[in-house]
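All chains are named by letter (A, B, ...) in the order of the sequence lines, taking the proteins before the strands, and each is independently numbered beginning at 1.
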Amino acid sequence: MTTSPVRVRFAPSPTGFLHVGGARTALFNWLFARSRDGQFILRIEDTDRKRYHPQSLQDILDSLRWLGLDWDEGPEVGGPYGPYFQSQRLPLYQEWADWLVAQGKAYHCFCTAAEVEAMRQTQRDQQGAQGYDRRCRWLTPEERAARQAAGHSSVIRLAVPLQGAVTFHDAIRGDITFNNKELQDAVLLKSDGWPTYHLANVVDDHFMAITHILRGDEWLSSVPLHWHLYQAFGWQPPVWAHLPVILNPNGQGKMKKREIVQADGTIVPVYVHSYRQAGYLPDALFNFLCGIGWALDGETEIYDRETALAAFDIAKVQASPGAFPAEKLEWMNGVYIRQITHEALRHALLPHLSQAFGVPVETLAADERLRLLIPDLHERLKKLTDAPALIGFLFAGDIAIANPEDLIPRNTTREQARQALTAAAGMLAGLESWTPDSIEGALRALIADLNLKPGQVFGPMRVAITNQAVSPPLFSTIAAVGRETIVARLRQAAALLAA
RNA sequence: GCCCCCAUCGUCUAGUGGACUAGGAUGUCAGCCUUUCAAGCUGAAGACAGGGGUUCGAAGCCCCUUGGGGGCACCA
């Protein structure tokens with residue numbers, strides 16, 4: 001049906017960091033473009049000078065790249081339809097706004113922001129119609145000229161048709177109709193000469209030859225306005241597809257712009273960089289984001305980019321809003337962590353461990369104990385930042401067991417625990433072969449000698465060695481940590497119980 | 001208040017009139033494994049919002065109700 005090459009854009013506003021919702025929009029655009037052999041354009045909509053946030057641009061760029069969403073045209077890569085910052089295209093918007101005025105399709109409005117706000121307030125009080133009452137639309141040429149001569153500042157508003165309706169087609173939702181009487185004479189050009197979203201968006205999409213607009217559902221109600229703009233300009237509108245909004249994890253309301261504290265106290269981050277920092281893998285987040293509003297085949301949950309690309313179909317995107325399934329992301333990230341090699345995991349872990357323990361990355365990279373423990377760590381992580389809590393004992397110089405009772409498992413006496421620790425220390429001090437297997441063999445023999453159960457010996461040892469209730473498996477931990485430290489810690493703990 | 005969109009297990013979803021006693025995943029619970037925690041394996045509970053139509057036949061089409069969401073800026 002579409003003969004021209006597909007060109008889509010992701011058009012964030014640099015007013016904040018890249019949100020997972022925005023990332024999902026970018027992802028679907030990217031998927032659509034790449035699966036249709038088209039172009040993915042990144043355009044920065046920086047026309048809001050009040051909310052401009054200087055760090056957000058870099059964050060958006062970094063986050064998109066981290067997710068692997070590369071753009072064909074846009075910031076830092078250029079392209080034939082540039083510039084890709086709206087702040088650098090101001091004359092274009094002014095020119096076309098003036099053109100609309102000259103054509104009688106738009107008009108200067110001299111009302112101040114305060115006047116318009118007052119208007120709105122009155123209407124709200126009376127529960128009547130909403131918005132600007134169009135008083136400047138009916139000004140005579142003389143009145144207009146007089147105000148202009150008096151130096152009154154003005155905005156340019158679109159003169160939308162007062163009657164009739166507009167019906168447009170959405171690639172996900174089908175035909176949608178709005179009555180023109182519900183529409184506003186929206187501001188196109190602000191009094192400072194900068195364009196609003198509506199104008200800039202339509203002008204840019206046209207001159208950048210955008211063929212499809214995939215964006216959030218929250219834009220659906222501004223389509224009729226844009227449609228009339230295309231009409232006024234005499235331009236061919238693109239194909240619209242409105243993606244379902246992502247709701248808060250509890251399903252209530254559009255996903256918040258700042259981190260979400262759930263009822264149980266757990267925190268759900270909303271920025272892509274937060275997930276990056278928290279040790280999520282980009283492939284996992286990519287895969288996960290694909291699954292909000294779209295499904296590969298209804299069966300397969302774990303799939304790579306190529307697979308997604310081969311199957312992606314915009315018409316199969318869900319129309320209904322959906323909650324952000326945070327727990328599923330946890331699980332999925334664990335799956336992706338388990339898929340990488342031990343060595344890859346070790347490297348990925350270094351910065352996180354460095355930060356957690358204040359040890360230089362180079363030192364950690366050379367740490368043989370860490371290397372030995374990676375395989376046992378591997379299947380215990382949902383995210384990279386889970387690692388420090390599991391292996392803190394490697395970097396604690398001295399272990400201080402706060403409560404000696406922690407060394408005593410249930411169904412075990414204090415004396416039994418002390419005996420077990422002492423015996424294990426003595427045995428390990430003289431053990432010839434120092435491997436997980438030999439350690440295990442010797443310890444099991446010891447258990448039989450002492451006539452105790454595994455848990456009665458391993459439990460105290462775990463606490464004595466790691467000062468943690470949860471740790472990687474004992475035998476490899478012992479092997480990794482080294483004889484001297486192990487024996488010392490066991491004896492120290494035994495002494496604690498003797499006291 | 002007005003307009004628009006939407007409606008399948010708690011959650012993400014499969015389903016495009018008959019293969020639906022509604023499938024997968026996550027989460028939950030139970031069992032196995034087991035030195036803790038994970039991972040893994042096995043099993044269980046768990047949904048077509050309600051009511052009318054249309055049809056031989058409806059989760060899927062139409063209408064109404066209800067519920068949810070979005071929008072109504074010189075923000076995007």
Nearest-Å distance once atom [atom1] is located in both [N] and [M]:
N: B:A22; M: B:G15; atom1: C1'; value: 8 Å
N: B:A59; M: B:C74; atom1: C1'; value: 48 Å
N: B:G46; M: B:G24; atom1: C1'; value: 14 Å
N: B:C48; M: B:G40; atom1: C1'; value: 33 Å
N: B:U42; M: B:C33; atom1: P; value: 15 Å
N: B:G50; M: B:G68; atom1: C1'; value: 15 Å

Taken in chain and number order and not counting sequence neighbours, the residues that satisfy side-chain contact (heavy atoms from CB on, under 4.5 Å) with A:R215 are A:Y197, A:N201, A:I213, A:W219, A:V223, A:H226, A:W240, A:H242

Paired with [N]: which nucleotide, if any, by Watson-Crick or G-U wobble criteria at under 3.5 Å for both distances?
N: B:A14; value: none
N: B:U36; value: none
N: B:G43; value: B:C29

Can the ring centres of [X] and [Y] be said to be less than 6.0 Å apart?
X: A:W294; Y: A:F312; value: yes
X: A:F475; Y: A:F458; value: yes
X: A:F324; Y: A:F288; value: yes

Distance col, row A:E45:CD vs A:D204:CG, nearest 0.5 angstrom, shows 7.0 Å

With a 4.0 Å cutoff (strictly under), does any side-chain N or O of [X] reach OP1 or OP2 of [N]?
X: A:K181; N: B:C72; answer: no
X: A:T47; N: B:C75; answer: no
X: A:K316; N: B:U16; answer: no
X: A:Q318; N: B:A14; answer: yes
X: A:R49; N: B:C74; answer: no
X: A:R338; N: B:G40; answer: yes
X: A:R120; N: B:C74; answer: yes

Here the distance between atom C1' of B:C72 and atom NZ of A:K254, to the nearest Å, is 13 Å

Would you tabulate the nitrogen or oxygen pairs shorter than 3.5 Å linking the protein to nucleotides 10-12 of chain B?
from	atom 1	to	atom 2	distance (Å)
B:C12	OP1	A:A323	N	2.5
B:C12	O2'	A:G291	O	2.7
B:C12	O2	A:K328	NZ	2.9

Next item on the list: Answer yes or no: is there a side-chain heavy-atom contact under 4.5 Å between A:L189 and A:W194?
Entry: no

If you restrict it to nitrogen or oxygen atoms, what contacts under 3.5 Å exist between nucleotides 30-34 of chain B and the protein, and what is each distance?
none

- Message: Side chains of A:D59 and A:H53 only: does a donor on one sit below 3.5 Å from an acceptor on the other?
- Response: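 Distance-only check fails for A:D59 and A:H53.
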
